[in-house]
Protein chains: 2
Amino acid sequence: MTTGARRGPYICGIDAAMDVVSGKWKSLILWELANYGARRFGELKRGLPGVSEKMLIQHLREMEEDGLVHREVYRQVPPRVEYSLTEQGRSLNEALGALGEWGTARSARLAAEEAAVSA
Amino acid sequence: MTTGARRGPYICGIDAAMDVVSGKWKSLILWELANYGARRFGELKRGLPGVSEKMLIQHLREMEEDGLVHREVYRQVPPRVEYSLTEQGRSLNEALGALGEWGTARSARLAAEEAAVSA
DNA sequence: CCGCATCCTGCAAGATACTG
DNA sequence: CAGTATCTTGCAGGATGCGG
């Protein structure tokens, strides 16, 4: 796997958290799993427009290794695999709540400025 | 400047926030300025062991453009420049609080597991 | 003291094609 | 359906040296 050198010595808590969330789709995966519960690979892919299968599986594997995601395989044909959040994953998603609200507020502010310019 | 294509259309609030915090030292800069108030370039550099002048100034400029940081120049010899947080910068730092705590808890957990292994 | 200009490298992520 | 495998690329970030 591409799994780079992670788990390095962290300077502060933010670093430790960022190490685990950094990745273009990870926060979205977290949000998706937090809101829909267990989801299948294909469902996640459809829920994250633009993600490639490579990045999706790579992120899921890393998040599993980081203890955020649980992977359940149901041996049957066609194969069925479900991903869900662990307790750590849920708590991380909650910790991201405030940041998400800040970002939403910022987006709204930028949109308002944009509108003011074109007015 | 290297300022890449930012301010893209965001999928969610987290994205908007991440766009602004992503950068190896940005969260540290935020923390430094939040805790020490206005700081000079050299003070920041000393406070962030390992940062290069290039990255420091690059991050500061981007954060200034993003409305997180205020740059005050005092025309004198030797030159004196002070950086401080804007209201937006302070609120972002607060929004990062929960994430920082999560990361600290995670670090502690990892350290405990590490200790358990070597025991 | 506070930067700027270049060159260079490594890794995240995209593209494309194939499989149990 | 749920992945693998391989090639390629873009850009963040490091190293180094100079300048007002």
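Remember, predicted model here, so these are calculated numbers, not experimental data.
Rounded to an integer number of Å, the gap from CG of L60(A) to P of dC1(D) is 16 Å. The CG atom of L56(A) sits 12 Å away from the P atom of dG14(C) (whole-angstrom rounding). E82(A) has its CD atom 12 Å from the P atom of dG3(D), to the nearest Å. Following rounding to the nearest Å, E43(A) (CD) and dG3(D) (P) show an atom-to-atom distance of 13 Å. Here the P atom of nucleotide dA2(D) and the CG atom of L48(A) are 15 Å apart, to the nearest Å. The CD1 atom of I57(A) sits 16 Å away from the P atom of dG14(C) (whole-angstrom rounding). The separation between M55(A) atom CE and dT4(D) atom C1' is 15 Å, rounded to whole Å. Whole-Å rounding puts the Q58(B) CD to dA12(D) C1' distance at 8 Å.
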Legend entry - Base versus backbone protein contacts along nucleotides 15-20 of chain D [heavy-atom cut-off under 4.0 Å; B, S, -]: B----B
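Listed for the T86(B) side chain is a donor-acceptor partner under 3.5 Å among the backbone atoms of G67(B).
Partners of D66(A) by salt bridge (charged side-chain N to carboxylate O under 4.0 Å, His left out), not counting sequence neighbours, listed by chain and number: R6(A), R7(A), R106(B). Residues passing the side chain to side chain donor-acceptor pair (under 3.5 Å) test with R46(A): none are found, sequence neighbours excluded. With sequence neighbours left out, E87(A) forms a salt bridge (charged side-chain N to carboxylate O under 4.0 Å, His left out) with R90(A). Among residues two or more places apart in sequence or in another chain, the salt bridge (charged side-chain N to carboxylate O under 4.0 Å, His left out) test is passed with E94(A) by none. Remark: S107(A) engages no residue in a side chain to side chain donor-acceptor pair (under 3.5 Å) (not counting sequence neighbours). Not a single salt bridge (charged side-chain N to carboxylate O under 4.0 Å, His left out) links R71(B) to another residue, sequence neighbours left out.
Phosphate contact (OP1/OP2 of dA13(C), side-chain N/O of H59(A), threshold under 4.0 Å): present. Taking 4.0 angstrom as the limit, K24(B) places a side-chain polar atom (N or O) nearer than this to OP1 or OP2 of dG14(D).
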Inset, instruction - Show your working on side chain to side chain contact (heavy atoms under 4.5 Å, CB included) between L56(A) and F41(A) and close with a plain yes or no. - result: CA-CA 8 Å; L56(A) 183 53; F41(A) 184 84; 3.9 Å; yes
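Checked for salt-bridge contact, K45(A) and E43(A) miss the test: no charged N lies under 4.0 Å from a carboxylate O.
Looking at residues 67-76 of chain B, you'll see R71(B) sit with a heavy atom under 4.0 Å from some atom of DNA chain C. Against DNA chain D, the stretch residues 31-41 of chain B makes no heavy-atom approach under 4.0 Å.
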Kindly list each side-chain donor-acceptor pair under 3.5 angstrom involving residues 25-35 of chain A, sequence neighbours excluded, with atom names and distances?
residue : atom : partner : partner atom : Å
K26(A)  : NZ   : E62(A)  : OE1          : 2.7
E32(A)  : OE2  : R39(A)  : NH1          : 2.7
N35(A)  : ND2  : W31(A)  : O            : 2.6

Pairs under 3.5 angstrom only: tabulate donor-acceptor contacts from the side chains of residues 110-119 of chain B to other protein residues two or more places apart or in another chain.
residue : atom : partner : partner atom : Å
S118(B) : OG   : E114(B) : O            : 3.4
S118(B) : OG   : A115(B) : O            : 3.2

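When distances run from any side-chain atom of V81(A) to the nucleotides dC4(C), dC2(C), dA2(D), the shortest one goes to dA2(D).
Atom CD1 in I57(A) sits 8.5 Å away from atom CD in E64(A) (nearest 0.5 Å). Residue Y83(A) holds its OH atom at 11.5 Å from CZ of R40(A), rounded to the nearest 0.5 Å. Atoms NZ and OG, on K24(A) and S52(A) in that order, are 9.0 Å from each other to the nearest 0.5 Å.
The overall bend of the helix from dC1(C)-dG20(D) to dG20(C)-dC1(D), read as the angle between its terminal helix axes built from five base pairs each, is 50° when rounded to 10 degrees.
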